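What follows is a short report on a single structure.
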Amino acid sequence: MSKLSAVDTIGILTSGGDAPGMNAAIRAAARTAWARGVNVKGIYRGYSGLLNEEIFEMDKKFTTGIISYGGTVLYTARCPEFKEKEVQARGAEICHKHGIDGLIVIGGDGSFRGAQALAAHGINTVGIPGTIDLDIGCTEYTIGFDTAVNTAMEAIDKIRDTSASHERCSIIEVMGRDAGYIALWCGISAGAEEIIIPERYDGNRLRLLNQLVEGVMETHSKGKRHHLIVNAEGIGHSYGMAKDLEEATGIETRASILGHVQRGGSPTAKDRVYASYMSALAVDLLCAGASNRVVGYRNGQYVDYDIDEALSMRKDVDEYEYQISRMLGRSIYTIG
Ligand code: ADP
Ligand code: F6P
């Protein structure tokens, strides 16, 4: 009789920054595996836990009641030494020792490089994009982005109330290590006047300050009493920017850095559902004998790519969306 699955035991780990929806991904991966007759082992603390053999037999109870929790019940870690070839070989040996012949890696590009290395050592691997930053080239969706944006949007709505009451300017810094997607989405959804993102910043702080001053003075002169600026973490300097802007405009300006609050909280329905489908697909790929793959979501479909190809794919903020977001922030004042 032919074997139903190409793998007997899958391992699941979460790596890099946590993201709301990772638990939904763990749950779906484990339950899909069990439905296919495949054993599941949990690996705590990403590659660091793999190297320390923090590996356990996952049972059904482990995945019960976790779908609505933020964070990751497998914990996560950054493990810089996993970039070293000998360490990767040791990671593969540990997988073999524990009977893990398929591995699900939930994380970002860095985590996928680890999965790529393990695949080269004979462990079948599939990556699932989990990061609030949305900065993975091969996919239009990453686990956690939707929740993070909604959390940040609600915070900005609150800042708007106090900013408007004091007739102030507010700079709100949102996460995104090198990417402006959270800033762009929050800026549009919270109705910010300005959105500053690394993808459209040339590094000239003085020019940026002058643009902000011009924008604030323009809307102020047309009757607007408060001004919201969403700044991406990749640009940073929000406190200094607020001080410089206040000095230049004479308008009271405050900065708020939203920080890690954006990474927590119960995941939105979208994050739970997309995470569940992508994880099921990842397990089915392993069962079909695939390796060195990353799953994603593009053009309305769940898809998968070779990790090498996925890592070479670049994406940029859509220019039309960026221009529209800027126009919407100010248009009511410029037309009339
Ligand atoms: P993300 O996965 O969100 O991009 P990081 O870049 O911090 O987050 O990477 C997470 C982990 O993935 C690292 O701590 C390391 O263990 C592993 N990793 C990152 N880069 C590589 C690499 N070039 N080769 C092997 N493993 C890597
Ligand atoms: O990659 C996700 C992210 O939240 C980035 O937006 C941010 O720059 C980084 O992780 C923060 O990492 P840490 O939690 O290690 O400070």
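This chain uses plain numbering: 1 for the first residue, then up along the sequence. Ligands are counted one by one from 1 in listed order, and the atoms in each one are counted from 1 as well. Bear in mind the structure is a predicted one, so any value in this text is a computation, not a measurement.
Note on E218 versus K222: salt bridge recorded, some NZ/NE/NH1/NH2 to OD/OE distance being below 4.0 Å. Looking at K243 and E247, a side-chain N of the basic residue comes within less than 4.0 Å of a carboxylate O on the acidic one, giving a salt bridge. The pair E252-R254 meets the salt-bridge criterion, with a side-chain N (NZ, NE, NH1 or NH2) lying under 4.0 Å from an Asp/Glu carboxylate O.
Of the options R263, E233, H260, the smallest heavy-atom separation from atom 16 (O) of ligand 2 is shown by H260.
Residue R177 approaches ligand 2 through these ligand atoms, each under 4.0 Å from one of its heavy atoms: 1 (O), 5 (C), 6 (O), 8 (O). Ligand-side atoms of ligand 2 in range of R78: 10 (O), 12 (O), 13 (P), 15 (O), range being under 4.0 angstrom from any heavy atom.
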Candidate pair R200 and D316, rule salt bridge (charged side-chain N to carboxylate O under 4.0 Å, His left out), full reasoning | CA-CA 10 Å; R200 296 292 183 278; D316 192 11; 3.4 Å; yes
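Counting non-hydrogen atoms of other residues, nucleotides and ligands closer than 6.0 Å to OH of Y277 gives a total of 12 or fewer. Under a cut-off of 6.0 angstrom, the local environment of OH in Y75 is sparse, with at most 12 non-hydrogen atoms contributed by other residues, nucleotides or ligands.
Using the six-membered ring where Trp is involved, Y141 and Y297 have ring planes that are perpendicular, over 60° apart on the 30 and 60° scheme.
For ligand 2, the polar-atom distance check against M175 finds no nitrogen or oxygen pair separated by under 3.5 Å.
When the salt bridge (Lys or Arg N to Asp or Glu O under 4.0 Å) test is applied to R45, the partners found at least two apart in sequence or on another chain are E54.
Within 4.0 Å of ligand 1, heavy atoms belong to protein residues S15, G16, Y47, R78, C79, F82, K83, Q88, G108, D109, G110, S111, R113, G114.
Annotation: Y181 is not in aromatic contact with F145 [ring centroid separation under 6.0 Å not met].
Among all non-hydrogen protein atoms, the one lying nearest atom 6 (O) of ligand 2 is D133 OD1, 2.7 Å.
Here I182 has no heavy atoms under 4.0 Å from ligand 2, in either its backbone or its side chain.
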